[in-house]
Participant: 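For reference, the structure I am asking about is given below.
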Number of protein chains: 2
Amino acid sequence: MDKVVTISDVAQAAGVSKATVSYVLSNDKRISKQTAEKVRRTIDDLGYTVNHAARALSTKKSNVLGIVSPTHHGVYLSSFFGLHIYLLSEYAAQSGYDSMFIGSDDGCDAMRKASASHKVDGFILMDVCDNDSRMTTANEIGIPTVVFGSPTSSFGLDTVDSDFRSEAARCMQCMAANNHKEIILYSWSKSIFKKRMGFALRFRDQIIQSAEDLGIVLHIYSPDNDESDPAGELLHALHLYPHATAMIIHNESASIIAPQAFSASGIQIPDDLYVISVFPKQMQWSVLASFAFVQTDIDQLAQKIVSTLVARIQDPDAPITRSLLDFTLQQPVSR
Amino acid sequence: MDKVVTISDVAQAAGVSKATVSYVLSNDKRISKQTAEKVRRTIDDLGYTVNHAARALSTKKSNVLGIVSPTHHGVYLSSFFGLHIYLLSEYAAQSGYDSMFIGSDDGCDAMRKASASHKVDGFILMDVCDNDSRMTTANEIGIPTVVFGSPTSSFGLDTVDSDFRSEAARCMQCMAANNHKEIILYSWSKSIFKKRMGFALRFRDQIIQSAEDLGIVLHIYSPDNDESDPAGELLHALHLYPHATAMIIHNESASIIAPQAFSASGIQIPDDLYVISVFPKQMQWSVLASFAFVQTDIDQLAQKIVSTLVARIQDPDAPITRSLLDFTLQQPVSR
DNA sequence: CTGAAAGCGCTTACAG
DNA sequence: CTGAAAGCGCTTACAG
């Protein structure tokens with residue numbers, strides 16, 4: 001439509017050089033207050049906006065963070081994936097970064113391309129599993145990267161996740177405190193374990209450990225895949241282990257469906273069965289009041305992920321960071 | 001790490017000019033087969049990738065699509081939002097575009113900035129409601145834009161959505177065919193209607209229309225907001241209208257919870273209550289087999305959205321497009 | 001069929 | 001405190 005205004009237009013209108021305008025833009029203190037003020041006014045008058053491509057070419061920085069979706073996520077995609085992306089890009093914006101979603105199946109290839117073409121300054125790897133090839137790719141490229149997940153090795157990359165070990169231990173202490181001697185861990189599906197997702201592995205391993213330490217009889221139930229009916233699976237688990245007095249649910253779809261599934265079968269929570277569930281506090285509409293729960297906070301995680309990546313971009317040589325956010329156990333609210 | 005290779009390096013190594021390399025890159029037929037072949041080989045050898053910023057500066061095209069999240073989505077965010085973004089960016093990639101997520105609360109401001117700084121070639125507006133300010137903003141900017149949603153007016157913008165009117169009519173014909181004289185429409189929450197979201201309005205209006213045409217007694221139930229317990233709301237609706245023999249559920253969280261909620265109350269589907277639900281075929285883990293349902297396909301929608309936007313970018317003067325995808329009604333599978 | 005050159009809109013040493 | 005100028009890595013008329 002109307003002609004696009006460039007830095008030259010501003011310079012001319014303000015009666016200064018392009019360099020001066022550029023310095024004003026970057027708040028360089030060498031420019032006098034009056035000049036800066038004058039330039040800023042003409043910028044507003046003309047409605048100037050910096051050309052992103054030109055700046056990127058000149059500075060060799062794109063000011064874009066690449067959000068890399070998991071390779072081969074298969075059919076399973078958390079309902080909170082969208083919220084994650086939303087929040088990440090929100091916090092990125094607050095730090096002056098745009099965010100680009102990199103989602104094709106050939107995750108690593110897409111990463112190489114995005115990096116080689118200077119499209120991004122850094123990567124956020126979503127839902128990283130053990131030995132995730134995206135980590136080695138990031139390493140080879142040598143680009144600032146933060147891993148969202150808890151792989152056994154992060155290959156020298158910064159890491160952010162919920163502290164599943166600590167949360168698991170806390171769940172078990174709660175079980176002991178409430179005098180439960182035999183419990184069920186309703187865990188993630190076998191296909192999640194097969195993918196070696198850290199959140200599933202780390203949580204389960206700590207539960208096993210704590211069960212031993214506390215002398216609690218533990219049964220682990222893990223559905224075969226994520227397509228089966230979680231309500232039926234939950235009841236099946238109860239049927240298999242009739243002496244269990246409590247259950248820990250660490251599984252998204254099961255957490256959502258569980259209150260209904262139990263009430264449908266006339267199981268009173270917490271009288272017939274004491275239940276602890278782990279789910280994001282953003283899971284609102286699902287009614288879980290009679291459960292105790294570990295309330296992970298996606299918002300805090302997103303904020304931490306972005307700040308970690310931004311810090312890494314600013315100082316590539318800073319020591320590696322491993323941030324585990326430890327969310328507390330909430331007791332059920334009676335209603 | 002290792003020095004980044006530019007078009008000059010390729011030109012030198014291949015013994016041609018930069019211009020020639022550039023022409024090879026764009027498959028210009030003026031370059032001889034042999035030269036092109038030679039250049040392509042050195043490109044591979046050197047591992048050259050075009051610098052995105054340089055190209056964008058030169059061509060004034062960013063090759064990026066901006067996905068604009070709804071302004072003030074409030075607490076409600078569909079569980080499929082993430083899948084949507086994922087699929088959109090997948091199809092964008094297939095068409096040679098990257099996708100940038102634009103999500104801040106000041107949606108329109110963010111749009112202006114993204115456009116002014118030449119960061120995007122076009123916009124996809126997610127979940128557009130009637131009189132959505134993003135539409136007028138897109139118009140003022142004069143940038144290729146496709147509206148995902150069914151607003152009353154699209155302000156001259158291309159539009160893609162599921163065909164809610166047609167689907168609603170089909171649901172009602174099914175009701176009539178099954179001889180239901182009195183039914184309940186369990187609809188979206190009042191806050192969704194207050195936002196004037198087209199999918200809720202258009203569907204409801206057609207249901208009302210069809211009810212009149214077919215002589216069916218219709219009760220519309222709409223929860224106050226999206227935080228309330230959908231299971232309780234569903235039962236409340238049944239309680240209010242005890243003579244209804246069927247229900248149409250057009251509400252995401254209610255669709256998910258409904259099978260459990262009904263079974264918990266001993267309501268047999270379809271014997272006690274005939275139910276038609278509308279939900280994406282990507283909603284897998286939730287068990288809905290005893291419902292009839294309109295199976296919208298997020299994948300097809302995403303594909304259509306991207307192809308529409310790409311076409312618009314290529315030909316800004318082509319006639320305006322309005323694509324309504326009409327998904328069929330599936331009868332329940334007995335199991 | 002190929003190349004020299006201008007230009008895209010910025011930033012940043014370097015002079016003054 | 002400010003400006004002239006080079007350079008970032010491409011593309012694209014324009015010559016030849």
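Order of the sequence lines sets the chain letters (A, B, ...), proteins ahead of strands, with each chain counted from 1.
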Participant: Could you state the atom-to-atom distance from CG of B:Leu57 to C1' of C:dG7 in whole Å?
Facilitator: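 Taking atom C1' of C:dG7 as the reference, CG of B:Leu57 is at 9 Å.
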Participant: What's the CD1-P distance between B:Ile7 and D:dT12, to the nearest Å?
Facilitator: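 Spelled out: CD1 on B:Ile7 to P on D:dT12 is 11 Å.
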Participant: Got a sec, which residues hit side chain to side chain contact (heavy atoms under 4.5 Å, CB included) with B:Thr137, two or more places apart in sequence or on another chain?
Facilitator: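 Side chain to side chain contact (heavy atoms under 4.5 Å, CB included) check on B:Thr137 returns B:Cys108, B:Met111, B:Arg112, B:Ile141.
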Participant: Identify every side-chain donor-acceptor pair in residues 142-157 of chain A under 3.5 Å, counting partners at least two apart or on other chains, and give the distances.
Facilitator:
| unit_1 | atom_1 | unit_2 | atom_2 | d |
| --- | --- | --- | --- | --- |
| A:Thr145 | OG1 | A:Ile143 | O | 2.9 |
| A:Ser150 | OG | A:Asp161 | OD2 | 2.6 |
| A:Ser153 | OG | A:Phe155 | N | 3.1 |
| A:Ser154 | OG | A:Leu157 | O | 3.0 |

Participant: Could you list the residues that satisfy ring-ring contact (aromatic ring centres under 6.0 Å, His included) with A:His52, not counting sequence neighbours?
Facilitator: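 Partners of A:His52 under the ring-ring contact (aromatic ring centres under 6.0 Å, His included) test: none.
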Participant: Does the side chain of A:Leu309 come within less than 4.5 Å of A:Leu65's, by heavy atoms?
Facilitator: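 In short, these two side chains touch, coming nearer than 4.5 Å.
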Participant: Please list residues of residues 32-56 of chain A whose heavy atoms come under 4.0 Å from any atom in DNA chain C, ordered by number; otherwise none.
Facilitator: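 Hits under 4.0 Å, by residue number: A:Tyr48, A:Thr49, A:Val50, A:Asn51, A:Ala54, A:Arg55.
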Participant: Can a cation-pi geometry be assigned to B:Arg134 and B:Phe123, taking NZ or CZ under 6.0 Å from the six-membered ring centre and within 45° of the ring axis?
Facilitator: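 The answer is no; the distance or angle limit is not met.
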Participant: Does A:Lys60 make a side-chain N or O approach to OP1 or OP2 of D:dG7 shorter than 4.0 Å?
Facilitator: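 Answer no for this pair, as no side-chain N or O of A:Lys60 is under 4.0 Å from OP1 or OP2.
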Participant: State, yes or no, whether a side-chain contact exists between B:Tyr86 and A:Ile85 at a heavy-atom distance under 4.5 Å.
Facilitator: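 With C-beta onward as the side chain, the pair stays apart.
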Participant: Nearest whole angstrom, please: distance from the P of D:dC10 to the NZ of A:Lys119.
Facilitator: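 Between P of D:dC10 and NZ of A:Lys119: 13 Å.
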Participant: Answer with yes or no whether the side chains of B:Ser133 and B:Thr136 bring together a donor and an acceptor at under 3.5 Å.
Facilitator: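 Absent: no donor and acceptor within the cut-off.
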Participant: Answer yes when B:Asp98 and A:Lys119 have at least one side-chain N-carboxylate O distance shorter than 4.0 Å, and no when they do not.
Facilitator: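 So B:Asp98 pairs with A:Lys119 through a salt bridge.
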Participant: Taking atom types as modelled and ignoring hydrogens, do the side chains of B:Asp121 and B:Ser62 form a donor-acceptor contact shorter than 3.5 angstrom?
Facilitator: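 There is such a pair between these side chains.
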Participant: Does some side-chain heavy atom of A:Met135 sit less than 4.5 Å from a side-chain heavy atom of A:Asp132?
Facilitator: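 A side-chain contact under 4.5 Å exists here.
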Participant: So for B:Ser58 and D:dG9, does any side-chain atom that can act as donor or acceptor lie under 3.5 Å from a complementary atom in the base?
Facilitator: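 No such pair is found, so the answer is no.
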Participant: Are A:Asp45 and A:Arg41 ion-paired here, with the side-chain N under 4.0 Å from a carboxylate O?
Facilitator: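 No salt bridge links A:Asp45 with A:Arg41.
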Participant: Give, ordered by number, those residues of residues 12-31 of chain A having at least one heavy-atom distance below 4.0 Å to an atom of DNA chain C; if nothing qualifies, reply none.
Facilitator: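 When residues 12-31 of chain A is checked for heavy atoms under 4.0 Å from DNA chain C, the hits, listed by number, are A:Lys18, A:Ala19, A:Ser22, A:Tyr23.
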Participant: For DNA chain D, write out the stems as range with range, using runs of 3 or more consecutive Watson-Crick or G-U pairs with both distances under 3.5 Å.
Facilitator: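 Consecutive-pair runs (3 or more) involving DNA chain D: C:1-3 with D:14-16, C:5-12 with D:5-12, C:14-16 with D:1-3.
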